[in-house]
Amino acid sequence: MKLRDKLLWAQIPLALALLLLGVLGVNTLGRLGRAGQEILADNYRSVLAMQRIIEHLERLDSASLFIVAGERQRGLEQVNAHVQPLEMELKVQEGNITEPGEGEATRRLREAWKRYRSGFESFLAMDSSERARAAYFDTLAPEFQEAKAATQEILALNQDAMVRKSDALQRQSRRVNTLMVTAVVVALVGGLLASASLTQRTLRPVSVLSQAVQRLGQGDLAARAVVEGRDEIAQLARDFNAMAEALQRYRQSSLGELLQAQSSSQAAIDSLPDPVVVFGVDGGVLNVNRAAEEVLRLSLEGGGGPLGQVAPEVREVLERVRAHVLGGKGPYLPRGYEEAVRAESAEGDRWLLPRGSPVYGEGGGVVGATVLLQDVTRLRRFDELKNDLVATVAHEFRTPLTSLRMAIHLCVEGVAGPITEKQADLLYAAREDCERLQGIVDDLLDLSKLQAGRMVLEVRPVSSEAVLEAALAPHRVAADERGVRLSSELEPGLEQVEADPERLQLVLSNLVANAVRHTSHGGDVKVSARRDGERVRFEVADTGEGIAPEHQHRIFEKFYRVPGASTGGAGLGLSIAQEIVQAHGGEMGLASEPGLGSTFWFTLPQEGEQARERPEIGPAT
Ligand code: ADP
């Protein structure tokens, strides 16, 4: 059955109750009406007839008195006017005998009337008024009284009956009233209850369906609506069940795919020999590979946080790289093997070099960071070997180089005897190359000291102006010779900087030497220092040849030299400078445009500012 039909059926008890009440009401009203009509027909008609008969009798009596009084004509007219109507009323009464005793009284009336009429005939036949008067008093008057008495009896009978019936009617109407009120209440309550229960039964499937929908909404994909029948709600329930079924199947299949994808990606990172740690955007560890668990003792299970078991130095590196990547600074690339951190493992110490890459979300924002700790134990050993070799070679070069320089100097001065002009030229060139070689050897020694962590910074407040001047002074002659203008600019009131003056001077000196060397005649080299937030920013700007973009990002690498550029050293100056600046807790960078010039800059803490996490120089061996 359709829902509409069911709802219509649910209204039927109420409609039936109303129908019953209507029928009862019409019936009762009809009965009351009929009872009233009965009174009218049975009694009121008789009462009316009797009143009229009395009226006619009275008139006939007065007509006979007219005749007795000599007014015969007038009396006769009156008689004629009343005899016939009276006769008619009497006939009406004779046909409407309803009360006990009424028939007897009516017969008496008929008798009396008959006698009155025959008496009246003889009365009219009297020739003298004396006799007429005697006839009136002897015959007519007693018959008149008799007829009147019978009429009044009938009248009284009917009036009494009317009063009685009216009382009975009133009682009946009160009873009917009570009955109707009771019937209305019973029918209404019964009809309403029946309708409500039917409606509720019809709509119960809706609540079953709604509960199932709610459960599904809360994630219970096994929720189904059990609704019997063929109406629209049952159809809706069947559709809902089909939808829940499809959803469950889809969830199971997508969950399966998801699990498969997750296990294959887990297998992929597990297959990497190097430890990998994936951090979420809030910094928490999302995933680790097997190597991370074994080498770093990093575990997602267990208390104290995943990083709790990790050695402090490794944890510090992980946190630093994570902060770099999640801070939106892009991928983290190590500067060199010196950044490798030592991790103890069952197979001996391992050196791990951190790399970090951002994990991008759908919107393009960083939603995590992947940190890979590349095992560079062997490479680092090679690097150490190379550094040792370089340091040894540089060290071993120093003494012979000094003797060589001394010997050339003595020859040039003529101490070893006179020399020809040509010999002098050759010796000057040899001396210049010796100087260059000495510079390279010094650089190599500086670098090896830095890398071996043997260089100790003596940080103290230093006047920026003094450092600037000291760094410029050694290059003035060379600048003059090349026709390069050398100038400096200091922001007025600049605080002192926290630095090791000798190292700072070395950095500036390296930068100025490079700038002068790479700037052609007529160019400018400007050294400046100014406040940059909490720090002091030093800049060495030249109007020289500039550096092509493809070389800029490698310029601070050790032994890197721009191919084809006129160079003075072994490509170590900038990397030494950067090491020193970073050791002070500062940063270093450059901006350069080929053909227009380069600006090398670095920042240092101002005096009073606590140098933040100043890294140790060289690896923490
Ligand atoms: P080097 O001691 O050999 O000059 P550096 O590390 O100081 O090594 O410099 C590395 C390379 O950077 C050099 O080969 C040089 O070509 C380039 N370079 C350095 N400074 C400048 C500059 N101011 N203008 C152009 N090129 C420069």
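Every number for a ligand or one of its atoms is a count from 1 in the order of the listing. Just the heavy atoms: all of them, side chains too, but no hydrogens, waters or symmetry mates, feed the values below.
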Trainee: Below 4.0 angstrom from a heavy atom of R517, which ligand 1 atoms are there? Numbered from 1 as shown, please.
Mentor: 4 (O)
Trainee: Is the closest heavy atom of G544 to ligand 1 under 4.0 Å?
Mentor: no
Trainee: Could you tell me whether N514 and ligand 1 have an N or O pair separated by under 3.5 Å?
Mentor: yes
Trainee: Numbering the atoms of ligand 1 from 1, which are under 4.0 Å from a heavy atom of R561?
Mentor: 3 (O), 14 (O)
Trainee: Test V540 against every option in N514, T599, V525 by the side-chain contact (heavy atoms from CB on, under 4.5 Å) rule and name the one that passes.
Mentor: V525
Trainee: Can you find an N or O of G571 that's nearer than 3.5 Å to an N or O of ligand 1?
Mentor: yes
Trainee: Relative to each other, are the rings of H551 and Y560 parallel, tilted or perpendicular (30° and 60° limits)?
Mentor: tilted
Trainee: Any salt bridge (charged side-chain N to carboxylate O under 4.0 Å, His left out) pairs touching residues 247-272, not counting sequence neighbours?
Mentor: D270-R290
Trainee: Does a sphere of radius 6.0 Å around CE in M406 hold more than 12 heavy atoms from other residues, nucleotides or ligands, not counting ones at 6.0 Å or beyond?
Mentor: no
Trainee: What atoms in ligand 1 come closer than 4.0 Å to a heavy atom of A515?
Mentor: 23 (N)
Trainee: Is F600 touching ligand 1 with its side chain, its backbone, both, or neither, if touching means heavy atoms under 4.0 Å apart?
Mentor: side chain
Trainee: Nearest to atom 26 (N) of ligand 1 by heavy atom, V562, I547, L572: which?
Mentor: I547
Trainee: Taking only heavy atoms of S598, which atoms of ligand 1 are found under 4.0 Å from at least one of them?
Mentor: 24 (N)
Trainee: Just wondering, more than 12 heavy atoms not from E432 lying within 6.0 Å of its CD?
Mentor: no
Trainee: Which atoms of ligand 1 have any heavy atom of Y560 under 4.0 Å away?
Mentor: 10 (C), 11 (C)
Trainee: Tell me the nearest of D542, I555, N510 to atom 23 (N) of ligand 1, using heavy-atom distances.
Mentor: D542
Trainee: Around atom NZ of K558, are there more than 12 heavy atoms of other residues, nucleotides or ligands at under 6.0 Å?
Mentor: yes
Trainee: Flag the pair R476 and E469 as a salt bridge only when some basic side-chain nitrogen lies within less than 4.0 angstrom of an acidic carboxylate oxygen.
Mentor: yes
Trainee: Test R485 against every option in D524, T519, D480 by the side-chain contact (heavy atoms from CB on, under 4.5 Å) rule and name the one that passes.
Mentor: D524
